[in-house]
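To keep things clear, I will list the structure first and then write my remarks on it.
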Amino acid sequence: MEMKTALLRIPAFIIDLVLVAGVIMLGNKIAVDAGLVTGFMPVEALMLLAIPLGFFVYWLAGIHLGKRLFGLKVIDANTGQSPSGFQWFRRCLLFSLVVSLNVFLIIPVLVSREQKGFHDMVAGTRVVCAGGTRR
């Protein structure tokens, strides 16, 4: 992957994060206003459960708006096909463990030979330009 693709992952991630977190927070606000819950979700639950689960659903559903806007897609590193549900789960699991330290997920993307984040390494996925899947 060329460095340009690695750098495009940053704004793509920010767009996806804003969308996923925004939907979760809006849902929480609606639930509070409707009296379904007594208060807003604690930050810990938001960061360690709701956002990672939201990303899992977002990824599994194939929405990827941030990546699509920048012409990127996630593929299986070995086959070049779309990742399996289990690969998305593994990718999300690592994401949930370090969501508060996400800046560290960017470091390997920028310095490793294949520009893979830790979550890509664990899941066996990689991000490529949507126009091709060359290695």
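K73 has its side chain out of reach of V127: every pair of non-hydrogen atoms, C-beta onward, lies at least 4.5 Å apart. Counting heavy atoms from C-beta outward, Q87 and D76 have side chains that approach closer than 4.5 Å. Two residues are said to be in side-chain contact when any heavy atoms from C-beta on lie closer than 4.5 Å; R126 and V74 fail this criterion. Using a 4.5 Å cut-off on side-chain heavy atoms (C-beta onward), L72 and V128 make no contact.
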Please lay out, stage by stage, how T125 and I75 fare under the test side chain to side chain contact (heavy atoms under 4.5 Å, CB included).
CA-CA 5 Å; T125 59; I75 61 169; over 6 Å; no
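In this structure, W88 and H64 approach most closely via the heavy-atom pair CH2-CE1, 3.3 Å. Summarising the geometry of K67 relative to D16, their closest heavy-atom pair is N-OD2, 4.1 Å, with the distance given to 0.1 Å.
Residues satisfying the side chain to side chain contact (heavy atoms under 4.5 Å, CB included) criterion with V23, sequence neighbours excluded, are absent altogether. In this view, L36 and A31, A34 satisfy the side chain to side chain contact (heavy atoms under 4.5 Å, CB included) rule, not counting sequence neighbours. Looking at residues two or more places apart in sequence or on another chain, you find no side-chain hydrogen bond (donor to acceptor under 3.5 Å, both in side chains) involving N28. In this structure V57 satisfies the side chain to side chain contact (heavy atoms under 4.5 Å, CB included) test with no other residue, sequence neighbours excluded.
Under the 4.5 Å side-chain contact rule for hydrophobic residues, L17 and I63 share a cluster. Clustering ILVMFWY residues whenever any of their side-chain heavy atoms sit less than 4.5 angstrom apart, transitively, puts F86 in the very cluster that holds W59.
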Extract all donor-acceptor atom pairs below 3.5 Å that involve side chains of residues 48-56 and protein atoms in other chains or at least two apart in sequence.
none

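Listed by first then second residue, pairs satisfying salt bridge (charged side-chain N to carboxylate O under 4.0 Å, His left out) with a partner in residues 18-31 read K29-D33, not counting sequence neighbours.
In F40, the CZ atom is crowded: over 12 heavy atoms of neighbouring residues, nucleotides or ligands sit closer than 6.0 Å.
Distance CG/L65 to CZ/F70: 9.5 Å, rounded to 0.5 Å. Going from atom CD1 of I14 over to atom CG of L19 covers 12.0 Å, rounded to the nearest 0.5 Å.
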